[in-house]
Structure formats: structure tokens, C-alpha cells
2 protein chains.
Amino acid sequence: MGSERQEGRRQTRQLALVLAAVRAAGTDHPTAEEVFSRARLELPQISLGTVYRNLQRLVAEGRVAALALRGVRSLRYDPTIAPHDHFVCEVCGRIDDLACGPRPAAVAVAERKGHAVTSHAVVLYGRCGACRMPA
Amino acid sequence: MGSERQEGRRQTRQLALVLAAVRAAGTDHPTAEEVFSRARLELPQISLGTVYRNLQRLVAEGRVAALALRGVRSLRYDPTIAPHDHFVCEVCGRIDDLACGPRPAAVAVAERKGHAVTSHAVVLYGRCGACRMPA
DNA sequence: CTCGGTGCAAAGGGTTTGCATACAT
DNA sequence: ATGTATGCAAACCCTTTGCACCGAG
């Protein structure tokens, strides 16, 4: 195992750059547009379509994670593929990574109902430390 | 408390119909388009824009819940506002409600980091019982 | 040499919005 | 009477896609 990557897929500069851009964002959870902006610094002629295609591929290959958040139209990308949860500040929009504890209790409930659970997402919403300050 | 609903808001037939449509869907977690179709049966001239506006209002008033799912563009609406989790079948798209156990461990982690958590979403992905059958 | 990836630009779908009118209060 | 909600349609935003060319293998 471990060789399932790059079957007939080609290694292009654009792909490397998109991955690098997601990683460079650290814990910022960038949107495709933000990845695009960053990749452009190195390769000005890269196109947004290519960024989307490569993000899709990286997610499919499990090298990057995508997250859908309530109340936000665009997907966010995350270089941290180790399982973890997220906290979203409803005031400033900041997304904070959280070390995930044990698997959610809901997993056992789902399995008892006959479902096979392959992954899960836990997202918390509220006010972050900075946004709790009085106006 | 308890009177915070309908401050200056008007009670219209369209609003009542949108709410009724979401409730009538039971555990189907309908999209706005599906709510629209159902509402149309009673009031053919209702517009999609009105459905969206009323869904937004109902969510804001806490009378209906909205859920964003990975890999799906459209939001789903849920008449069950009592906290519960969801299982999404990645094969057939079915969404199953799950009785939620204790609050996720992540809540404590977030609070320890100074965040105030007001709500959370737990979504499980996998294959539902029916879709586990061999092809 | 091949055929998968790219750039460009247009299409797509879901959701929001501007405006004049209708109607709840 | 007053101003919010509606219907309609256009606008928006994010993402996907078709196509001809490019370049990794």
C-alpha cells in the first residue's frame, strides 16, 4: 500500500503549487479563490479552473480536506488531513482547529441502525475569544 | 420571554405554507426547491424567491434548521429543531436523523480555548443499510 | 508520440436582490 | 394608511465544463 497515488496522473507544476498554497495557508482554511491568489504569485498565468480541478484531485487523493460550513457559500480547504474538528466564529468568521476527542457517540447510533460510517465532520459555532469582548 | 417571535414581522399565507411544507416533508430534509414544489400545490403563484426569504426567516427565528452537507451545493431544511445529528449515505444521498448522545468532546476543547459555543453540527458519512447490499 | 492537464471563457446551479405591487396590521 | 412581504426576473457567486493547445511521461 502507499502506491495508490499517481496511477496515470501527471505531476504538474500547477498541482504542486496548489498543494503548496493550501499548506502555506496553515490554519487559515483558505477558499479556492485564496488558493488561486497565492498560487498566482509563483505562476501568474495559472487559471482559476485549474485551481479548482487540482483542489478536487487533491481532495480525492486524500491529500487535502474540504469543509462545508453553514452560512458560507464557498468551500474551505485544509492541509491537515489528520482527523480533527472545527470551531467557527459567527462574528469574525475565523475557523479554529480542535483536537478531536473520541469518535462522536452518533457513530455508534448510526452503526446500530445498519449504516457503515466512513467519515464524519464535527463543527462548532459560536463566538471566538476575541469576539467575546464587549462592543 | 417567548414573545420574541413576530416583532414587526407579518404573518402571511406564504410563510405558513413554507413552514407547513418543511414539516410535511418529515425526515426528508428537503431542499428549497422541494419546499417550493410542495408549497405550490396549495398556492400555485408562490415564487421561489419568497420561499427562500421565508426559509431564511424561519431559520433566523429558530423554527426550522438548515444543514450544509459536504459535496452538495444546496442547503437542506429540517423541521426538527431539537438537537440531533445526521448520517448521510454517500451512495443514495439519504439523510438519516440520529438521536444525539452527549455534546461532542470538542465543545470542551473549544471552551478551554476561550470560545463560546452556541451550537454544533455532527454529520456522519458512509453507506446506509440499503446501499450496503452487493451490487 | 500520447493523452492527461492547462488556460480561457462560457455555462451551470443555487441563492439573493431590486423593484413595483399587494396586503397584513 | 403604512410599510413589510410578494412575484418576477435579473443579478450574483461559486464551481464546473468544453475546447484547442501544451507538455509530462
Side-chain angles (χ1 to χ4, degrees), chain A residues 3 5-22 29-61 63-78 93 95, chain B residues 3 5-22 29-61 63-78 93 95:
Chain A
S3 67
R5 221 179 264 168
Q6 274 75 9
E7 285 306 69
R9 308 5 242 338
R10 290 179 186 173
Q11 187 64 30
T12 64
R13 183 137 114 89
Q14 286 85 345
L15 176 66
L17 249 106
V18 168
L19 178 54
V22 175
H29 305 85
T31 61
E33 201 72 46
E34 288 162 350
V35 170
F36 178 47
S37 299
R38 195 182 287 263
R40 243 180 178 172
L41 299 176
E42 287 269 323
L43 187 66
Q45 72 271 28
I46 194 172
S47 73
L48 183 56
T50 292
V51 169
Y52 273 106
R53 278 182 292 233
N54 281 315
L55 284 171
Q56 260 183 197
R57 173 174 161 185
L58 289 168
V59 169
E61 290 174 349
R63 304 215 268 162
V64 155
L67 48 152
L69 304 178
R70 183 206 292 168
V72 182
R73 322 60 171 84
S74 52
L75 287 180
R76 301 298 188 130
Y77 295 89
D78 191 336
I95 303 171
Chain B
S3 66
R5 222 178 262 169
Q6 273 77 12
E7 283 309 69
R9 312 0 245 338
R10 291 178 184 175
Q11 185 64 31
T12 64
R13 184 137 113 85
Q14 286 85 344
L15 175 67
L17 245 97
V18 168
L19 177 54
V22 174
H29 305 85
T31 61
E33 200 73 47
E34 289 162 351
V35 171
F36 178 48
S37 298
R38 195 182 287 262
R40 240 178 179 175
L41 299 176
E42 287 269 324
L43 187 66
Q45 71 270 29
I46 193 173
S47 73
L48 184 54
T50 293
V51 169
Y52 273 105
R53 277 182 291 232
N54 280 315
L55 283 171
Q56 262 183 196
R57 173 174 161 186
L58 289 167
V59 169
E61 289 174 351
R63 305 215 269 161
V64 155
L67 47 153
L69 302 178
R70 183 206 291 169
V72 182
R73 310 83 160 65
S74 53
L75 287 180
R76 301 298 190 131
Y77 296 90
D78 191 335
I95 302 170

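Just so it is clear, the values below take in all heavy atoms, side chains as well, and ignore hydrogens, waters and symmetry mates. Labels below follow one simple rule: chain letters A, B, ... track the order of the sequence lines, proteins then strands, and each chain is numbered from 1. All values reported here derive from a predicted model rather than from experimental measurement.
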Practice task
Take A:Val18 and A:Thr50 through the test side chain to side chain contact (heavy atoms under 4.5 Å, CB included) and record every step on the way to the result.
Solution key: CA-CA 9 Å; A:Val18 168; A:Thr50 292; 5.7 Å; no
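Residue B:Arg57 places at least one side-chain N or O under 4.0 Å from the OP1 or OP2 atom of D:dA5.
The line from CZ of B:Arg63 to CG of B:Leu19 is 5.5 Å long, rounded to the nearest 0.5 Å. Distance check, rounded to the nearest 0.5 Å: CG of A:Leu67 to CD1 of A:Ile95 gives 5.5 Å.
If you measure from atom CZ of B:Arg70 to atom P of D:dT15, you get 16 Å, rounded to the nearest angstrom. For the pair A:Arg73 CZ and D:dT16 C1', the computed distance is 18 Å after rounding to whole Å. Note: CD (A:Gln14) to C1' (D:dC22) measures 10 Å, nearest angstrom. Rounded to whole angstrom, the span from the CD1 atom of B:Ile46 across to the P atom of C:dC23 amounts to 14 Å. Here the P atom of nucleotide C:dT6 and the CG atom of A:Leu43 are 10 Å apart, to the nearest Å. Taking atom CG of residue B:Asn54 and atom C1' of nucleotide D:dT6, one finds them 9 Å apart after rounding to whole Å. Rounded to whole Å, atom C1' of D:dA11 lies 15 Å from atom OH of B:Tyr52. In this structure, CZ of A:Phe36 is placed 13 Å from P of D:dT15, rounded to the nearest angstrom.
Within the 4.5 Å cutoff, no side-chain heavy atoms of B:Gln14 are placed close to those of B:Arg53.
When each of A:Arg76 and B:Ser47 is assigned the nucleotide of DNA chain D bearing its nearest heavy atom, the one mapping closer to the 5' terminus is B:Ser47. For the pair B:Thr50 and A:Val51, both in contact range of DNA chain C, the more 5′-proximal nearest nucleotide belongs to A:Val51. Each of A:Thr12 and B:Arg13 was assigned the nucleotide of DNA chain D with the nearest heavy atom; the assignment lying further toward the 5' end belongs to B:Arg13.
Backbone-only contact: A:Gln45 has heavy atoms under 4.0 Å from sugar-phosphate atoms and none from a base. The residue B:Gln56 sits close only to the backbone: its heavy atoms come under 4.0 Å of sugar-phosphate atoms, none of a base.
Taking the side chain of A:Arg53 as heavy atoms from C-beta on, and the options D:dG7, C:dG7, C:dG5, the nearest nucleotide is C:dG7. Among the nucleotides D:dT2, C:dC3, D:dC8, the one closest to any side-chain atom of B:Arg10 is D:dT2. Here C:dA24 is the nucleotide among C:dT15, D:dG7, C:dA24 with the atom lying nearest to any side-chain atom of B:Gln11. Here C:dG5 is the nucleotide among C:dG5, C:dT6, D:dC8 with the atom lying nearest to any side-chain atom of A:Arg9.
Under a 3.5 Å cut-off, the side chain of A:Glu34 and the backbone N or O of A:Thr31 do form a donor-acceptor pair.
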